[in-house]
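Predicted model only: the values in this text are computed from it and were never measured.
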Amino acid sequence: MKYLPLKKKKEFQRALKVGKRAYAATLSVVYFPSERIRYAVCVGKKYGKSVQRNRLKRLLREAFRAQAPSLEVPCTFLLIPKISDRYAYSAFRRDIGVIFRKEKLCRNP
RNA sequence: CGAGCGGACUACGCGGUCGCGGCGCGCCAUGUGCGCGAUGAGGAAAGUCCGGGCAUCGCAGGGCAGGACGCCUGAUAACGUCAGGUGAAGGCGACUUCAAGGAAAGUGCAACAGAAAUAGACCGCCCGCCGAAUCCCCGGUCUCGGGGUGCCCACAGGGAACACCUGCGGCGGCGGGUAAGGAUGGAAAGGCGAGGCAAGAGCUCACCGACGGGACGGUAACGCCCCGUGCCAUGUAAACCCCGUCCGAUGCAAGUUUGGGUUCCGUUCACACAGGGCUGCCCGUCCGAACGGAACCGUGAAUAACGCUGGAGCCCAUCGGCGACGGUGGGCGUAGAUAAAUGACCGCGCUCGACAGAACCCGGCUUACAGGUCCGGUCGGAUC
RNA sequence: GCGCGAGUCGCCUAGCGGUAUGGCGUCAGCUUCCCAAGCUGAUUCCGGCGGGUUCGACUCCCGUCUCGCGCU
């Protein structure tokens, strides 16, 4: 099962317009229900140079991929990390799980 | 052994599980799919500072403007790059650094200090004349008037004399000569020594430097030697500029294909000198259309495909060359994304892992960088 | 990706080869019963950073850092 990325600028604008927002310590999430599980990460130039940005995107994708199988309701997600000096995989993975439970999107309470 | 110099290379490794990009093959039978296989960032991929390829502008032509470069010879597709030399500067040395043409083509600038700044004469030195020279104040304004200070000193000779005359010297004034010396400065009209002179001065001479000419060596920059000229001309051209060489513009968001069809309406400029393109301007040259709105069918539209990676390619051997590099032969197939691919976890090892992520492609430059490996010189110390 | 521009006092600026100008601010004094306003004086920058050219660089040249803008 693949998780599809969002690509077009219009899709991002639509998500930001209709989606619900949820927050955790290391990142924010915008989501709305859709037919399949889709996601994107938002990492602009303010997060650093290309090496730092690529590293951040890899960590977010890996954390999302680890938590996604527990989802019950298929949605489209935008992952927006908070700016920091150090980014950790374990913190992203934990906070994504926290948000899923808080928004009642997964089976295990 | 210590210190230092130059060059080349490398950029954590191995195993396992789950994932990512495009590619190939297979399957389910077309979707926003599944499986297998090999493959997948750099020495700087960076900054975008130069040079090219490639593409479009009809051709890429001439001139002006503008820009870049600047010792010589070579390498190269080209370069502001590289190699080998020359010169200058630094270092005991290995070696390093240098935008290194022209200042008698012209213009500009040179603060402060200093007597004087691109030329000059304040002091000084010397010669001549003078001692009612001269200096100060007020008025006037360029011919001056009034008031005050002031009739120099020492020595020698003549002389009755402290008068007066003469002489040497000092002090002061005026006129002239001079550019040796003078607190400065980045720079003071070649330097230094001797002769010469009233005092001085390339005025004269030796040496060094500079300039001009010639011979020799070198492809050349240049080196070296000889002869001549007493020497005139500060610095700055990364100030304007002059000389020589080179440069058409725009850049893959270039550009090509699809991006619809029919009907109607409107605007602009034309049927030769107006408009538009090539170019910032001129010459020259080319073109007949361009744009906007409405209705119906159709519709993925900053999209899709191409450009997009086989190229001045990389590696090895050999030959030519001091070298950059070139020739020949053999081998290799090596990212191609587009919200944009290398990660997470576990185990082991060690020196505990820096700077950092392709976006059309190459050649350089510059900048960032934890360490590690190899090679070749140098200096110092000790021992033999 | 490609092409441009700017960094001067705590803030905003001027100047563009000769040790940096003005305003706001801050501090002190005068004025007032006190405050504000006003007046007077003082304080503050060695020029984003590193080299080079020059006697001398904020200024000219090169490199670098940061910030900003344009092209779809």
In whole angstrom, give the distance that lies between atom CD1 of Ile96(A) and atom C1' of A344(B).
-> 13 Å
Taking Tyr47(A) for the side chain and Pro81(A) for the main chain, is one N or O donor matched with an acceptor at less than 3.5 Å?
-> yes
Show your reasoning for whether side chain to side chain contact (heavy atoms under 4.5 Å, CB included) applies to Glu103(A) and Ile99(A).
-> CA-CA 6 Å; Glu103(A) 301 295 318; Ile99(A) 288 173; 4.2 Å; yes
Nucleotide paired to C25(B) in any strand shown, Watson-Crick or G-U, under 3.5 Å | G35(B)
Atom pair distance, as rounded to whole Å: OH in Tyr47(A) and P in A339(B) | 18 Å
Would you mind calling G43(B) syn or anti? Take O4'-C1'-N9-C4 for purines or O4'-C1'-N1-C2 for pyrimidines, and syn is within 90° of 0.
-> syn
Kindly state which residues belonging to residues 49-60 of chain A come within less than 4.0 angstrom of RNA chain B, counting heavy atoms of the residue only, listed by number.
-> Lys49(A), Ser50(A), Val51(A), Asn54(A), Arg55(A), Lys57(A), Arg58(A), Leu59(A)
Which label fits A41(B), syn or anti, where anti is any glycosidic angle not within 90° of 0?
-> syn
Return the value, rounded to whole Å, for the distance between atom CD of Glu62(A) and atom P of A344(B).
-> 8 Å
Based on the glycosidic angle (syn within 90° of 0, else anti), state the conformation of U54(C).
-> syn
Take atom C1' in A354(B) and the same atom in C369(B), then report the distance between them in whole Å.
-> 5 Å
Using purine N1 to pyrimidine N3 plus N6-O4 or O6-N4 for Watson-Crick, or N1-O2 and O6-N3 for G-U wobble, each under 3.5 Å, what pairs with U31(C)?
-> none
What distance, rounded to whole Å, do you find between the two C1' atoms, one in C332(B) and one in A238(B)?
-> 50 Å
Mind checking who G139(B) pairs with, Watson-Crick or G-U wobble, both distances under 3.5 Å?
-> C144(B)
Earlier contact from the 5' end, RNA chain B, for Ser90(A) and Cys42(A) | Cys42(A)
Just name whichever nucleotide pairs with U367(B), Watson-Crick or G-U, keeping both distances under 3.5 Å, else none.
-> none
Counting side-chain heavy atoms from C-beta on, which of C345(B), G343(B), A341(B) comes nearest to Arg61(A)?
-> A341(B)
Gap in Å between the two C1' atoms, one belonging to C192(B) and one to G223(B), rounded = 28 Å
May I have the step-by-step check of side chain to side chain contact (heavy atoms under 4.5 Å, CB included) for Arg61(A) and Val41(A), ending in yes or no?
-> CA-CA 8 Å; Arg61(A) 276 195 286 261; Val41(A) 295; 4.3 Å; yes
Nearest-0.5 Å distance, OH of residue Tyr39(A) to CG of residue Leu78(A) = 12.0 Å
More than 12 foreign heavy atoms under 6.0 Å from NZ of Lys20(A): is that the case here?
-> no
Which nucleotide, in any strand shown, forms a Watson-Crick or G-U wobble pair with C71(B), with both distances under 3.5 Å?
-> G85(B)
For the side chain of Gln67(A) and the backbone of Arg93(A), is there at least one donor-acceptor N/O pair under 3.5 Å apart?
-> yes
Can you tell me how far C1' in C203(B) sits from the matching atom in U178(B), rounded to whole Å?
-> 13 Å
Partner nucleotide of U48(B) by Watson-Crick or wobble geometry (both distances under 3.5 Å) = none
When rounded to the nearest Å, what value does the distance between C1' atoms of G329(B) and G47(B) take?
-> 42 Å
For nucleotides C291(B) and U256(B), find the distance between their P atoms and express it as a whole number of Å.
-> 15 Å
Between residues 19-27 of chain A and RNA chain B, which residues have a heavy-atom gap below 4.0 Å?
-> none
For U373(B) and G53(B), measure between their P atoms and round to the nearest Å.
-> 46 Å
Does U267(B) have a Watson-Crick or wobble mate here (both distances under 3.5 Å), and if so which one?
-> A290(B)
Syn or anti conformation of A119(B), syn meaning chi within 90° of 0 | syn
Out of curiosity, Arg55(A) CZ to Ser50(A) OG, how far, rounded to the nearest 0.5 Å?
-> 14.0 Å
For G377(B), decide between syn and anti, treating a glycosidic angle within 90° of 0 as syn.
-> syn
Could you tell me whether the side chain of Glu62(A) and the main chain of Leu59(A) form a donor-acceptor pair under 3.5 Å?
-> no
Whole-Å distance separating the CZ atom of Arg65(A) from the P atom of C18(B) | 10 Å
Taking the inter-plane angle between the rings of Phe100(A) and Phe77(A) on a 0 to 90° scale, is it parallel (under 30°), tilted (30 to 60°) or perpendicular (over 60°)?
-> tilted
In whole angstroms, the gap separating C1' of C18(B) from CD of Gln67(A) amounts to 15 Å
Please state the P separation for the pair C50(B) and A55(B) - nearest whole angstrom.
-> 24 Å
For A382(B), the nucleotide meeting Watson-Crick or G-U wobble distances (both under 3.5 Å) is none
Exam field: side chain Lys82(A) to backbone Ala24(A), donor-acceptor pair closer than 3.5 Å = yes
Taking the side chain from Lys102(A) and the backbone from Tyr23(A), do they hold a donor-acceptor pair closer than 3.5 Å?
-> yes
Can you sort out the partners of Ala25(A) under side chain to side chain contact (heavy atoms under 4.5 Å, CB included), two or more places apart, ordered by chain and number?
-> Asp95(A)
